[in-house]
Amino acid sequence: MVSRGGRIFERELDLIFREKEVPERFNDHNLGVKTVQFITNEADIHNEIASFLRQQTVGKKMVAKWFSRKKQTGDMDIHLITERGLYNATKIDVAIARQTIRGEHILADAGEKLIHRTFIIVHDYSFDHKYFLFKQKGAGKQDTTSRVLDLNNREDVDWYNNQLYKADLQLANISVGCVSYLFQLQWTEETAAIFYHNYYTTTTNHDQNKVNAFNADKSTFQLLYLGKYQSHVKERNTRNYSNQKLVQKACVRLVDMNIAALQHQFPLFRIKARLQNTTENKVFKAYIGLKEDVNPNTKFEVLEPELHEDGAYSYKRVGVIQPIEGKIWDNRYMATDEVDSDIDATYFKQVSGGNLYPGLLIREL
């Protein structure tokens, strides 16, 4: 998250972002840094973000995370990559792998194919200026004339933020915007070759020269700026929430909204889900919903793995499914506080293709 210093709601934003969990369908590769501050008033700050990521060698740190690099010794291993390769394998994948000469080792290789699906997203919030209009009262402020809050006056901002914790200024709604910037780790065959040849060292085969070389590298592991998405949400205070809770709800939902929109724009960033069975014929379900921007007009292709002669495999489309209106799961943040529903998944009807079965992958078209 971009920190704006004395910004209104800054304390709420900071708390929310430090406590917010990584969305369920992403592996958590958090590097420990939650906020970054830029000295700029530019509306589009992707160049500043890109510069920061280069200076801090974030791409290299992402690679180190994948290979469980030990900070003190520089030794690495492929345990996480193997785990991810196997974790992403279904019974179908295992069955295919066992038919190959290389056996189940191919599933560990699948983990390495996930490295280039490593992303970083930076969120920059903004709030409607109407919240900056207030009557000065209390805490030494006796003037009752409404005026616009001076965001450059730290006393004003601190006073206003303090009032947000009091019931007499409880907000009826919150209007907030956010720009989300998406970057992708560049992990190519060339990058992988450099890494394994020059930098990869283990506890059992330690090479201090490789450790030193990796530490000195500032250019091999780069992040590519893909694009941004900007949106705005207005959340009503329908449950008499505190101001902090209302801001939290709006900001978390807005981030989820932006992530879903970025997935629409960039296919490699799109989530996939497993098809689940139901008791009804040609009706299936999956654990995705409104948080992923699923709606009655959304269509998903159903993918089945296909084995190749060289032992590798790809996925082919075997059908298309579409959500059933009225049976879309509301899995948005805090939805359980507001929605009385027993729907715990999104239900789909098959619109084309042959026989489908549980375990197949689905991906939005």
Side-chain angles (χ1 to χ4, degrees), residues 22-27 81-100 102-119 256 259-260 262-331 343-365:
V22 173
E24 299 91 337
R25 300 197 170 276
F26 293 89
N27 292 312
I81 291 175
T82 302
E83 175 189 326
R84 291 283 159 75
L86 296 173
Y87 178 78
N88 281 276
T90 62
K91 293 180 181 179
I92 301 170
D93 298 329
V94 173
I96 289 176
R98 285 174 177 165
Q99 296 176 36
T100 70
R102 298 176 62 198
E104 295 186 26
H105 291 295
I106 195 171
L107 297 179
D109 292 347
E112 187 177 347
K113 292 178 181 178
L114 294 176
I115 296 178
H116 80 295
R117 292 179 179 266
T118 307
F119 301 88
D256 289 337
I259 289 175
L262 286 168
Q263 288 169 345
H264 292 320
Q265 291 185 27
F266 303 104
L268 196 64
F269 188 53
R270 289 178 187 169
I271 62 164
K272 301 175 183 65
R274 293 291 178 187
L275 199 64
Q276 309 289 327
N277 211 353
T278 70
T279 56
E280 299 180 56
N281 185 36
K282 290 190 178 296
V283 173
F284 300 88
K285 67 180 181 180
Y287 296 112
I288 53 177
L290 294 181
K291 186 170 75 172
E292 291 80 21
D293 197 28
V294 176
N295 62 72
N297 298 318
T298 313
K299 289 187 178 180
F300 290 78
E301 59 181 343
V302 183
L303 305 171
E304 183 179 54
E306 186 175 39
L307 179 66
H308 299 284
E309 292 183 359
D310 61 359
Y313 60 95
S314 59
Y315 286 90
K316 65 177 181 179
R317 183 191 298 183
V318 294
V320 175
I321 59 176
Q322 188 170 3
I324 299 173
E325 189 167 3
K327 291 191 174 183
I328 297 175
W329 183 27
D330 190 351
N331 59 338
I343 297 177
D344 61 353
T346 295
Y347 289 77
F348 297 85
K349 60 184 177 182
Q350 184 175 350
V351 297
S352 68
N355 292 327
L356 307 181
Y357 51 95
L360 296 176
L361 277 176
I362 68 171
R363 180 174 59 189
E364 184 178 352
L365 289 170

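The two residues Pro323 and Thr298 have their closest heavy-atom pair at CD-O, 2.8 Å. Annotation for Ala286 and Ala345: closest pair O-CB, 3.6 Å, computed over non-hydrogen atoms. Closest of all the heavy-atom pairs between Lys291 and Ala260 is O-CB, 3.8 Å. Listed here is the closest heavy atom pair of Arg270 and His264: NH2-O, 3.1 Å. The heavy-atom pair separating Ala273 from Ile288 by the smallest distance is CB-CG2, 4.0 Å. Across every non-hydrogen atom of Tyr347 and Asp344, the tightest pair is OH-OD1, 4.2 Å.
Taken from CH2 in Trp329 to OG1 in Thr346, the straight-line distance is 7.5 Å, to the nearest 0.5 Å. Distance check, rounded to the nearest 0.5 Å: CD of Glu304 to CG of Leu275 gives 11.5 Å. A distance of 7.5 Å separates CD of Glu292 from CD of Gln263, quoted to the nearest 0.5 Å. A distance of 7.5 Å separates CD1 in Ile343 from NZ in Lys327, rounded to the nearest 0.5 Å.
Listed by first and then second residue, the salt bridge (Lys or Arg N to Asp or Glu O under 4.0 Å) pairs involving residues 351-365 are Glu301-Arg363 (not counting sequence neighbours).
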task: Before giving the answer on side-chain contact (heavy atoms from CB on, under 4.5 Å), spell out for Leu365 and Arg317 the whole-Å C-alpha distance, their side-chain angles and the decisive distance to 0.1 Å.
output: CA-CA 11 Å; Leu365 289 170; Arg317 183 191 298 183; 3.2 Å; yes

message: Between Leu262 and Phe119, is the side-chain contact (heavy atoms from CB on, under 4.5 Å) condition met? List the steps.
response: CA-CA 12 Å; Leu262 286 168; Phe119 301 88; over 6 Å; no

task: Using the side-chain contact (heavy atoms from CB on, under 4.5 Å) rule, take Leu361 and Arg274 through it: C-alpha gap first, then chi angles, then the decisive distance, then the call.
output: CA-CA 5 Å; Leu361 277 176; Arg274 293 291 178 187; 3.3 Å; yes

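Relative ring orientation between Phe348 and Phe300 is described as perpendicular, the plane-to-plane angle rising above 60° on a 0-90° scale split at 30° and 60°.
Asn331 contributes a side-chain N or O that, together with a main-chain N or O of Leu290, makes up a donor-acceptor pair within less than 3.5 Å.
Remark: of the listed residues Ile321, Val318, Val320, Val320 is the sole one forming a side-chain contact (heavy atoms from CB on, under 4.5 Å) with Ser352.
Heavy-atom neighbours of Glu325 CD from other residues, nucleotides or ligands within 6.0 Å: at or below the threshold of 12.
Side-chain contact between Ile259 and Phe26: present, with at least one pair of heavy atoms (C-beta onward) separated by less than 4.5 Å.
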